[in-house]
Amino acid sequence: MSLFKKKEREAPVPMPEELHDTSYGTAEDVEEVMKKYDRESNVRIWEGVPKAIISVIMALFAVYCIVDAVFLNTLPERRYTIFLGMILLLGFLTFPVRKGYTRVNYIPWYDIILLIVGPGAFFFYAVNAMDVIRLSARIMNEPLYMVVGLIGILALAELCRRCVGLPILCVAAVLLIYTFSTGLNVVQVIRTLFYTTNGIFSAPIQVCVKFIAVFIIFGAFLERSGVADFFIKFANCAVGRFSGGPAKVAVIASALEGMASGSSVANTVGSGSITIPMMKRMGYKGEFAGAVEAAASTGGQIMPPIMGAAAFLMAEFTGEPYGTIAVRAILPAVLYFTGIYIAVHLEARKLGLKGIPREELPKARSLVKQIYLLAPLVVLIYLVGSNTRTMAYSAALSIVVAIIVGIISRIFSYGTARKESRRVTEEDDGLTLRKFVGALEGGARGSITVAVACGMAGIISGCITVTGLASKLLGAIVALSGGQVFVALILTMLCCIVLGMGVPTTANYCIMASTCAPILVAVGVDTIAAHFFVFYFGIVADITPPVALAAYAGAAIAKSNPMKTGFNATKLAIAAFVVPYVFAMSPQMLFINVGSVFQVIQICITAVLGIFGVAVAMNGFLFRRITPVVRILFLAGGLCMLVPESISDVVGIVLVALLCIYQFLSAKRRPEAAV
């Protein structure tokens, strides 16, 4: 699920002409990939006056979201319904009934009806909020209210089909059928899902209104301030010259951009349109190049401090401050990207690949002059970490800083252009009025799919709550696992991955937090660790075959086999499959119940060394190709170090060190075996 607007697709750093191989995909090809794998890209075509009017409406809605989250103290029943009413209005203006929509400035009669009755149901609730509160359970005796509630639920479901997809609707439909099978009638279900806080207006949509929408708008401003371009330039400057440089650039840039992004598919296509062709030209196979970008981009959702919308929901579900959630996520995120980086490096060494020539890379001096672009993120991290302000206030103040940074960038761009006697291009002219309105519009547009997914997740959670399904699942899995934590973890992992195939991360996490996380807690897993566990496995569904949307998007750009790309991405992201088991069994990796600073340092160092051992085992190469037996030993040593215990750390360090020495000496004795 995209938390922020998709990145610009133009190459931010001039690259050698031979790296721009048009056979890998033009801008039109990239747009086609987005439309195929990212439902948010299938939008109506508005031009001229209608486009300007809709842009202004979206910009005003973004302003309303900021003001409402920071300053207003509206009755919750009005606050949430007005928000969702506007979301439906903007959603039906934006998303057509089917893919491949090509008519300009046209909206069919049935969508006009939906534009009226869909948002109208939520606005009716807002106007009559006090009556709804007064009637309470007796509202089921009011036919008008029941019809309005049914229309609101169906309109939300239809918009979900258009902008999110069918998988989540299938889950909701199955649970609704189960709900009716328990003896509840239509009127009772409508009341629960539409007129209480156990349905559409439950925790997911409440969190979305309170601060997720504001963070989406912050992301839109951050993008236009040029920070994404800065990260890619920094990655090129830092690692582009090394062996297999383009792949390492993809990993580093995705890790940095992940601090302010949360879309697997959009990130894969956005940066992959640049990095994947470069990787192929440097010698990587298409399946590997697409997998690198998909795995790295998917990791954006686990990278603090933003971590996608699901992290905000985790704070709500667990009661932990968001800043604490972000701190606990640091080491697992570092391990994830470290594992991919090591795998990329080993693959480059195995293939004998070189880096990008130094003279074709951006200069460090020019990057130092742009360091001010990081100011919005620094302010956000400080405010979130200090817990002195609300999340909405922190995001709003960071938006102000992003605007100031954009203005400064504009001043610098004009000064540089005047000195060099050249025109200022649209890409480097800082924050113009057009970009300012565009940021507000982009933030509002990005809020639509997140809010719709949160609303549908509320419906699913409501069905689970009203039927007592969570407690039934708890009893069934505890009985099936025999109370064994490891077995319960495996069953939960399978549930998360299957459910995550096509279901947005936000909705996936909400469902798993309502069902499987309590099960893990019941068998002895720490509460925070349980929620991180389901969070991680909901995310990796984007690169896990058979429905690996991010991997398929990477394969489309690389023109490679989608399934092979998906399996390569899964292998590269092995840390995301191993680390959750480790912190579920030993929550010290999440800095829970850690005794001293020394223990924290020990956990960090041994965990990184452990992921090195695992990466070597998965790649099958260190100083030379290694045999299956040695790969198993590397895997065993790496896993030992990932477990935060002194004895296992010593065993793992000794084993991996001896294997490294053996491989080094063996490669020196037989140089021909090193390739």
Which value, rounded to the nearest 0.5 Å, describes the distance between [X] atom [atom1] and [Y] atom [atom2]?
X      : Y      : atom1 : atom2 : value
Thr338 : Ile611 : OG1   : CD1   : 8.0 Å
Ile653 : Leu655 : CD1   : CG    : 11.0 Å
Asn619 : Arg631 : CG    : CZ    : 7.5 Å
Thr449 : Leu159 : OG1   : CG    : 9.5 Å
Met456 : Arg161 : CE    : CZ    : 12.5 Å
Leu572 : Met618 : CG    : CE    : 9.0 Å

Are [X] and [Y] side-chain neighbours, meaning at least one heavy-atom pair lies under 4.5 Å?
X      : Y      : answer
Phe337 : Tyr341 : no
Arg191 : Ser136 : yes
Val525 : Phe533 : no
Phe180 : Val186 : yes
Leu193 : Leu176 : yes
Leu184 : Thr192 : no
Leu469 : Leu175 : yes
Ile217 : Cys65  : yes

What's the verdict on side chain to side chain contact (heavy atoms under 4.5 Å, CB included) for Thr318 and Ile325, showing C-alpha distance, side-chain angles and the deciding distance?
CA-CA 9 Å; Thr318 62; Ile325 296 289; 4.0 Å; yes
Can you see which heavy atom on [X] is nearest to which on [Y], and at what distance?
X      : Y      : result
Pro204 : Leu313 : CA-CD2, 3.4 Å
Val209 : Tyr80  : CG2-CD2, 3.9 Å
Ile302 : Ala333 : O-CB, 3.3 Å
Val523 : Val485 : O-CG2, 3.1 Å
Ala69  : Val214 : CB-CG2, 3.5 Å
Ala551 : Gly566 : CB-CA, 3.6 Å

Sequence neighbours excluded, which residues qualify as side chain to side chain contact (heavy atoms under 4.5 Å, CB included) partners of Leu635?
Val614, Ala617, Leu639
Under the rule for ring-ring contact (aromatic ring centres under 6.0 Å, His included), what residues qualify as partners of Tyr125, not counting sequence neighbours?
Phe194, Tyr195, Phe201
Take Ile528 and Thr324 through the test side chain to side chain contact (heavy atoms under 4.5 Å, CB included) and record every step on the way to the result.
CA-CA 10 Å; Ile528 298 295; Thr324 303; over 6 Å; no
Evaluation steps, side chain to side chain contact (heavy atoms under 4.5 Å, CB included), between Thr197 and Gln206
CA-CA 9 Å; Thr197 55; Gln206 292 175 23; 4.0 Å; yes
Strictly distance-based, threshold 3.5 Å: is any side-chain N or O of Ser202 a donor or acceptor partner for the main-chain N or O of Asn198?
no
Quick check against the 3.5 Å criterion: does Glu158 have a side-chain atom that pairs as donor or acceptor with the backbone of Ala155?
no
Kindly write out the residues that satisfy side chain to side chain donor-acceptor pair (under 3.5 Å) with Tyr178, not counting sequence neighbours, or none if the list is empty.
Lys472
Report the residues that fulfil side chain to side chain donor-acceptor pair (under 3.5 Å) with Arg78, sequence neighbours left out, ordered by chain and then residue number.
none
Residues 563-592 vs side-chain hydrogen bond (donor to acceptor under 3.5 Å, both in side chains), sequence neighbours excluded, gives Ser560-Thr565
Listed once per pair and sorted, the side-chain hydrogen bond (donor to acceptor under 3.5 Å, both in side chains) pairs that draw on residues 529-541, sequence neighbours left out
Tyr509-His531
Going through the distances and angles, do Ile139 and Met146 end up as a side chain to side chain contact (heavy atoms under 4.5 Å, CB included)?
CA-CA 8 Å; Ile139 202 169; Met146 291 299 102; 4.0 Å; yes
